[in-house]
Trainee: 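So that we are looking at the same thing, I have put the structure below in structure tokens.
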Amino acid sequence: MAKINPLEISSLLKEQIKKYEKVTKTEKVGTVVSVGDGIAIVYGLDNAMSGELLQFPNGVFGMAQNLEKNDVGVILLNDTGSIKEGDEVKTTGTILEVPVGIGLLGRVVNPIGQPIDGLGPVVSNKRRPIERKATGVIERQSVNQPMQTGIKVLDALVPIGRGQRELIIGDRQTGKTSIAVDTILNQKGGDVICIYVAIGQKESTVLNVVETLKQHDALSYSIIVSASASEPAPLLFLAPYAGVAMAEEFMFEGKHVLIIYDDLTKHAIAYRELSLLLRRPPGREAFPGDVFYLHSRLLERAAKLSNALGGGSITALPIIETQEGDISAYIPTNVISITDGQIFLQSSLFHAGIRPAINAGLSVSRVGGAAQFKAVKKVSGTLRLDLASYRELEAFTQFGSDLDDQTKAKLDRGSRTVEILKQGLHQTMPFELQAISIFALTNGHLDTIRLKDIRRFEKELHLFIQRDESGKKLIAHIQQTKDLPDKGLLNELIGRFAADFV
């Protein structure tokens, strides 16, 4: 029998005591009191932060919204059916974050950044919180670069600059999403990354947008964030914030981003649903009191950064759906007051075959003129007045037929202006060809062309200039200088084509 040495045992025990580390792990735990409609009321989380991510059983996460005296109102972010009363809830100490970076390009993700396109996991090693204080005044610079939409009536009359927030507003089925998608398509071959945030849209509508972008090779520089109509209200509420967090990552790298929120009316309705379920007091139209702040803190994050910060930008195109063209309703007036202008689409123009159906009188851009190319700016100076006077005269001519020559000439020019500004779906046009088309109109080259031939005249004129030797030089000059060449040269070229046009 082996003899036990007490000294050996004591030295071993001393060794083990030295190695012992006291690790205490504390967890703040609460209990679910009630759950339903994507909302959980949790008791016992006295130290939870506003907007903090909370962990429920079965891998379900929630976000703290209401911090009451006795309990916390939580919006649930995923599979809510598995949560029941009495379940344990833990704080995570983190704010909700989404993956960001180039790994998201070409992907369709939900508002938490999880892929929903069946193409495997998103490759991203960086994350950003979805809520962030907007960039301050000192860190910005004034808008000075154009965001080309490729749509003649917009680039000429309602120009958009990089870093601007331009509202697209109109009734349903007037072409709001089409304008946004065409703007994305026009960025092909450029330096702009596009993010399309679908809020409460039908899944078939989102699929159509994805397919359109695929067909035009535009998905490679785009990210789609989708919270479809079948998703719970919390995801619809988070979608635009997730989209702008992804955009900010690129902006702070000195890149340019175009972000589309389609649409903020459904976003406000989802937030109203959440607020009422959380028992927040309702205000006008049952919206909560902070519904203005809901959109202002989102849209203020669009900016043109100063050169010291890399000069990147986020251009926001929020979409608002109106009822019967009523732009004085609560949510439309809120968003109009936050944005730097609006593009107003009218259903009567749409049904009259004037597409895009943009009402030039009610549409305005408060900063775009400062970021417009000289070539387009020079030729489009009188365009808005021509259109406004044409609409006015058109209304008067319905009452009488005796018109003097000057009025007839104005009406004639107006109808040609409307015709030249029409544009087909997904048929974007570079600014140099836009400038040539509008120059031909404002200098009277279309006055002798029959109304029904104007679109054909424009198409053939562009082909002629692109083939002609002096025309090629002229286009190269406009592209390089962003300005028009000698007027006489342009008049001679268009005159030469018009002489042979049949």
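Just so we're clear, the structure is a prediction, and the values are computed from it rather than from any experiment.
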Trainee: As an exercise, state the distance from CG of Asn78 to CG of Leu235, rounded to the nearest 0.5 Å.
Mentor: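 Those atoms lie 8.0 Å apart.
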Trainee: Could you point out which residue of Arg132, Lys126, Lys133 forms a salt bridge (Lys or Arg N to Asp or Glu O under 4.0 Å) with Glu248?
Mentor: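 Of the listed residues Arg132, Lys126, Lys133, the salt bridge (Lys or Arg N to Asp or Glu O under 4.0 Å) partner of Glu248 is Arg132.
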Trainee: Counting only heavy atoms not in Asn125 (residues, nucleotides, ligands), do more than 12 fall under 6.0 Å from its CG?
Mentor: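 Open.
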Trainee: Heavy atoms, side chains only, cut-off 4.5 Å: are Val197 and Ile259 in contact?
Mentor: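 In contact.
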Trainee: Taking side chain as C-beta onward, heavy atoms only, is Ile39 less than 4.5 Å from Ile75?
Mentor: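 Heavy-atom side-chain distance check passes, below 4.5 Å.
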Trainee: Counting C-beta onward and ignoring hydrogens, is there a side-chain heavy-atom pair between Leu167 and Phe344 closer than 4.5 Å?
Mentor: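 Result no, sub-4.5 Å side-chain heavy-atom pair not found.
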Trainee: Can you see whether Ser365 engages Gln164 through a side-chain donor-acceptor pair at a distance of less than 3.5 angstrom?
Mentor: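 Their side chains do contain a donor-acceptor pair, which is all the 3.5 Å distance test asks for.
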Trainee: Does a side-chain heavy-atom distance below 4.5 Å link Leu236 with Glu231?
Mentor: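 Yes, their side chains come closer than 4.5 Å.
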Trainee: Decide yes or no on side chain to side chain contact (heavy atoms under 4.5 Å, CB included) for Lys188 and Asp217, but give the supporting numbers first.
Mentor: CA-CA 8 Å; Lys188 188 178 175 181; Asp217 299 326; 3.6 Å; yes
Trainee: Got more than 12 heavy atoms from elsewhere within 6.0 Å of CG, Leu119?
Mentor: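 Above 12, so yes.
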Trainee: Can you confirm whether or not the ring centre of His267 sits under 6.0 Å from the ring centre of Tyr241?
Mentor: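 Ring centres of Tyr241 and His267 closer than 6.0 Å.
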Trainee: Could you go through the salt bridge (Lys or Arg N to Asp or Glu O under 4.0 Å) check for Asp155 and Lys377 one step at a time?
Mentor: CA-CA 9 Å; Asp155 290 341; Lys377 198 173 188 176; over 6 Å; no
Trainee: Can you find a pair of side-chain heavy atoms, one from Tyr221 and one from Gln187, that are under 4.5 Å apart?
Mentor: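 The answer is yes; the side chains approach within 4.5 Å.
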Trainee: Tell me, yes or no, whether the heavy-atom count around Tyr43 atom OH, taken from other residues, nucleotides or ligands under 6.0 Å, exceeds 12.
Mentor: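 No, OH of Tyr43 has 12 or fewer neighbouring heavy atoms, counting only those of other groups under 6.0 Å.
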Trainee: side-chain hydrogen bond (donor to acceptor under 3.5 Å, both in side chains) for Lys304 and Gln145? Distances and angles first, verdict last.
Mentor: CA-CA 9 Å; Lys304 173 86 172 96; Gln145 277 177 290; 3.3 Å; yes
Trainee: Show, in sequence, the C-alpha distance, side-chain angles and deciding distance for Phe56 and Val42, and conclude whether the side chain to side chain contact (heavy atoms under 4.5 Å, CB included) test is met.
Mentor: CA-CA 10 Å; Phe56 289 78; Val42 178; 4.1 Å; yes
Trainee: Taking the cut-offs as 6.0 angstrom to the six-membered ring centre and 45 degrees off its axis, would you call Lys255 and Phe250 a cation-pi pair?
Mentor: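 Output no; distance or angle outside limits.
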Trainee: Are Leu317 and Tyr261 packed together at the side-chain level, in the sense that at least one heavy-atom pair is separated by less than 4.5 angstrom?
Mentor: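 Result no, sub-4.5 Å side-chain heavy-atom pair not found.
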Trainee: Should Asn110 and Val225 be marked as a side chain to side chain contact (heavy atoms under 4.5 Å, CB included) after you check the CA-CA gap, both sets of side-chain angles, and the distance that decides it?
Mentor: CA-CA 6 Å; Asn110 68 9; Val225 181; over 6 Å; no
Trainee: Show your working on side chain to side chain contact (heavy atoms under 4.5 Å, CB included) between Thr333 and Ile327 and close with a plain yes or no.
Mentor: CA-CA 7 Å; Thr333 48; Ile327 57 171; over 6 Å; no
Trainee: Do Thr149 and Ile160 come within less than 4.5 Å of each other through their side chains, counting heavy atoms only?
Mentor: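 Heavy-atom side-chain distance check passes, below 4.5 Å.
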Trainee: Evaluate the criterion salt bridge (Lys or Arg N to Asp or Glu O under 4.0 Å) for residue pair Glu166 and Arg366; output intermediate values, then yes/no.
Mentor: CA-CA 9 Å; Glu166 184 77 13; Arg366 298 194 185 100; over 6 Å; no
Trainee: Would you mind reporting whether Ser230 and Glu203 have side-chain heavy atoms less than 4.5 Å apart?
Mentor: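 SC-SC contact between Glu203 and Ser230 confirmed.
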Trainee: What I want to find out is whether Lys69 reaches Asp46 closely enough, with some N-O distance under 4.0 Å, to be called a salt bridge.
Mentor: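 Salt bridge flag = no for Asp46 with Lys69.
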Trainee: Check the pair Glu131, Arg297 against salt bridge (Lys or Arg N to Asp or Glu O under 4.0 Å), reporting the backbone distance first and the verdict last.
Mentor: CA-CA 9 Å; Glu131 290 276 9; Arg297 76 175 190 264; 2.9 Å; yes
Trainee: Check this for me: does any side-chain nitrogen of one of Asp263 and Lys176 sit under 4.0 Å from a carboxylate oxygen of the other?
Mentor: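 Salt bridge: no.
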Trainee: Does a donor on one side chain sit under 3.5 Å from an acceptor on the other, for Thr94 and Thr92?
Mentor: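 The answer is yes; a qualifying pair exists.
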